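The sequence lines fix the lettering, A, B, ..., with proteins before strands; numbering per chain opens at 1. Being a predicted model, the structure only gives us computed values, none of them experimental.
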Protein chains: 2
Amino acid sequence: MGTRQLHTVGEVASLAGVTVRTLHHYDRIGLLVPSGRSESGYRLYAYADLERLREIRLLRELGFGLDAIGRLLDVAAYDRRSALVAQRDLLVERLERTQRIIRGVDRALKATAEGKEMDETEMFEGLEEFDHTRYEAEVEQRWGDSEAYKESKRRTSGYGKADWTRIKKEGDAVFARLAELLARGARADGREAMDLAEEHRRHIDRWFYPCSPGLHRQVAALYTADPRFEAYFEKHGSGLAGYVQEAIRANEVRSTS
Amino acid sequence: MGTRQLHTVGEVASLAGVTVRTLHHYDRIGLLVPSGRSESGYRLYAYADLERLREIRLLRELGFGLDAIGRLLDVAAYDRRSALVAQRDLLVERLERTQRIIRGVDRALKATAEGKEMDETEMFEGLEEFDHTRYEAEVEQRWGDSEAYKESKRRTSGYGKADWTRIKKEGDAVFARLAELLARGARADGREAMDLAEEHRRHIDRWFYPCSPGLHRQVAALYTADPRFEAYFEKHGSGLAGYVQEAIRANEVRSTS
DNA sequence: GTAGGGCCTAACGTCGCGTCAGGGTCAAGA
DNA sequence: TCTTGACCCTGACGCGACGTTAGGCCCTAC
C-alpha cells in the first residue's frame, strides 16, 4: 500500500481525464481530500485517492450526485468487494437500458421506412427519467435470477397501462402517508410508521413478487443509494428516504420477534 | 400524420418521463415549441412533437447540451433516416464504452482479490471525460468497418503513452494557431487558415489513417455536432469549432480544384 | 357553485463544475 | 544568480438545465 509515488493535481487530472478544477471542487466539499500536502501547500494524491476517484467518476457517469456518491462510498468502505460488484451491476443495468433505447431507435427506423407512426406509449422506452414502478421491477432483478424475479416477471407482464397507473398510485399513497408522519415528527420506529412499512411490503408482495421482511429491508437499502429513487423521495419531504428505510427496518424487527 | 390526438403538457410529461417544467423550458428556449395552443393558452403537442421530444431526450441522455441538440435536429430534419442511424451509432458507442468500464471494474475486483494495486494508467479506461486523440480514433470507427479504420487501429495500437502525448501536442498546436487566426479576424477561407487545415489533415493522415480531404470534411462535420469536441474547441476561442470546419471545407475545395 | 386538479407565467434557487483574477512555487536555462 | 514559463494555490463570479415556489386562470365533477 502506498508504495507508489504521490501525484500532484495536474498529474491526477490528466490520468483521470478530469480538470484540475474538478479535483479542487471534490476537495472543497470533502468528497476527495488528498491524503497529503507538500510543504508549499500542493495537494498530493496517493494510490488510494486514485481508487476513490475512479469510483467517484464511475458513479457520476451513471448520474449520481456528489452527495449521494459521498454516502455510497462511506458505506462501501466496509466491503470493497461487494461495492465493486454493486457498481458492476449498475453498469450492466445501463448496458441493458442502452440496448432498450437502441431497440426503440430500430422501431423508429422501421416506422419511418414504412411511413407509419410509432406507438406513443413505447416511444420513450429506456428514456424515462425515472418510473419508479418499472424500476422496482429492475431492482430485484439485481437480486439475481431468483425465483422471486421470475415470479415478478410473470405477474407484471400481464399488467396493462391502467394497472400500472393504479399500482403506482397505491404505492405513492403509502409514501405520502409516511411523509405526513415524518412532517408530524412521528418516530420511524413507531407503530404508525411500521404499519405503513408493512403496508408497503404487502403492496410489493401482492403486485410484484413474494417479499419477505428481510428482502424488503434489502430493497429499502437501495432507496438511499440510488439517485433516481432519492430524487423521487426528497420531493415528498426532506429526509423521507432515510425515514422509510428506518421504518422498514423497524418493521422487520417487529415481524421477526 | 397528425391523425392522432393532441396532448397537454402533463400527458406528454408522463409519457416521456420528464417534468412539466422541462417541457416549459424547452418551449421557452425554442427547442420544442408545441405545434398548437388551445383557446385558453394550453400547450398542445402533436405526434411530430413527441418524435422530436424523443430525439431530444435521447441526445440529452448521451450528454449533449440543449443548444447542440437544437443544431443537430435542424441538420437532421433533412434526412430522418440517416439521423436515426447516427443516433444508433452513438448509442452503440456508449454500449462499448460501458463495456470498457465494466472490464475496468473486473480488473479492480481481481486486484483487490489478489491484494495488488491496479495499473494507474488503465484505471480510468472509459471514464475519461474527453481525450480527444482517443476520440478521434473512435470517430472514424463510425465511418464503418472501412479499411481506413483497420489501418488506424493497426497503427495506433503501437503507440505508447509518450507517443500519445506528443501526437496530441502536435494536434493542439494546429488548433492553437487556428485560434490565433480567428482572433486576428483572418478569414476561414484565407490561405493561412486553409494551410493549417491541410496541416491538420496530414496530421491525421500520418498518425491515424489515410485521410483524404473529403473524409476530412466529414470528420470535421462532427466537430460542431459533438459536445465533447465542442467543449474542447470553445475553450480555445468562441466559434473556433465552426471556424475550423469552414477552413477544412475551404481546403477541400482548394485541393480538388 | 365551489372544490380540486391541471394549466399558465414569472422569477429565484441549485448542482457541478468553468473561468478568471491575483499571487506563490519550482526546475531549467542564460 | 536571476529569470522565465509551467504548475500550484485560494477566492469568487458565471452558467446550463432544470427544480421550486408563488400567484392566478381553466375546467370537469359533484
Side-chain angles (χ1 to χ4, degrees), chain A residues 6-14 16-34 36-45 53 56-57 59-70 129-130 165 169 172 176 227-228 230-238, chain B residues 6-14 16-34 36-45 53 56-57 59-70 129-130 165 169 172 176 227-228 230-238:
Chain A
L6 298 174
H7 300 280
T8 66
V9 262
E11 288 165 7
V12 174
S14 74
V18 301
T19 67
V20 170
R21 173 66 175 108
T22 299
L23 295 174
H24 284 175
H25 187 57
Y26 292 170
D27 187 1
R28 171 80 55 98
I29 64 174
L31 180 59
L32 179 66
V33 180
R37 288 265 184 162
S38 80
E39 266 183 38
S40 45
Y42 284 22
R43 270 165 263 253
L44 295 176
Y45 294 84
L53 178 57
I56 291 170
R57 294 308 298 173
L59 292 170
R60 271 241 18 108
E61 169 89 24
L62 289 173
F64 288 80
L66 294 183
D67 56 344
I69 292 177
E129 186 74 2
F130 165 45
T165 309
K169 207 161 194 170
D172 285 358
R228 295 179 290 179
E230 186 151 8
Y232 173 80
F233 272 125
E234 298 304 317
K235 211 162 54 188
H236 292 279
S238 158
Chain B
L6 298 173
H7 300 281
T8 65
V9 259
E11 288 164 7
V12 174
S14 74
V18 300
T19 68
V20 170
R21 172 65 174 110
T22 299
L23 295 174
H24 283 176
H25 186 55
Y26 292 171
D27 187 0
R28 172 79 57 98
I29 65 172
L31 180 60
L32 180 66
V33 180
R37 288 265 186 162
S38 80
E39 268 183 36
S40 44
Y42 285 23
R43 271 164 263 253
L44 295 176
Y45 293 84
L53 178 57
I56 291 170
R57 293 309 298 173
L59 292 171
R60 270 240 23 107
E61 170 89 24
L62 290 173
F64 288 80
L66 295 184
D67 56 344
I69 292 176
E129 186 74 3
F130 165 45
T165 308
K169 208 161 194 168
D172 284 359
R228 294 180 289 179
E230 186 152 6
Y232 173 79
F233 273 126
E234 298 304 317
K235 210 162 54 187
H236 293 281
S238 159

Which protein N or O atoms sit under 3.5 Å from an N or O of nucleotides 21-24 of chain C?
unit_1	atom_1	unit_2	atom_2	d
C/dG24	N2	A/Y42	OH	3.2

Does [X] reach the side chain of [Y], with side-chain heavy atoms less than 4.5 Å apart?
| X | Y | value |
| --- | --- | --- |
| B/T22 | B/R57 | yes |
| A/V18 | A/Y26 | no |
| A/L66 | A/H25 | yes |
| A/Y45 | A/L23 | yes |

Rounded to the nearest Å, what distance is computed from the [atom1] atom of residue [X] to the [atom2] atom of nucleotide [N]?
| X | N | atom1 | atom2 | value |
| --- | --- | --- | --- | --- |
| A/H7 | D/dC8 | NE2 | P | 13 Å |
| A/L23 | D/dC7 | CG | P | 15 Å |
| A/R37 | C/dT25 | CZ | C1' | 14 Å |
| B/R28 | D/dG19 | CZ | C1' | 14 Å |

| message | Show the nearest heavy-atom pair for residues A/R43 and A/P34, with the distance to one decimal. | response | CG-CG, 3.3 Å

| For A/T19 against A/A13, the heavy-atom pair lying closest together | C-CB, 4.1 Å

OP1 or OP2 of [N] under 4.0 Å from side-chain N/O of [X]:
| X | N | result |
| --- | --- | --- |
| B/T19 | D/dC18 | no |
| A/H24 | C/dC17 | no |
| B/R43 | C/dC8 | yes |
| B/S38 | C/dC7 | no |
| A/S40 | C/dC26 | yes |

| query | Rounded to the nearest 0.5 Å, how far does CG of B/L6 lie from CD of B/E11? | reply | 9.5 Å

| task | Any chance you could measure B/L31, atom CG, to B/I69, atom CD1, to the nearest 0.5 Å? | result | 6.5 Å

| request: Go through the structure and list residues passing salt bridge (charged side-chain N to carboxylate O under 4.0 Å, His left out) with B/R37, not counting sequence neighbours. | output: B/D27

Distances for protein N or O near nucleotides 13-16 of chain C N or O, under 3.5 Å:
unit_1	atom_1	unit_2	atom_2	d
C/dG16	OP1	A/L66	N	2.7

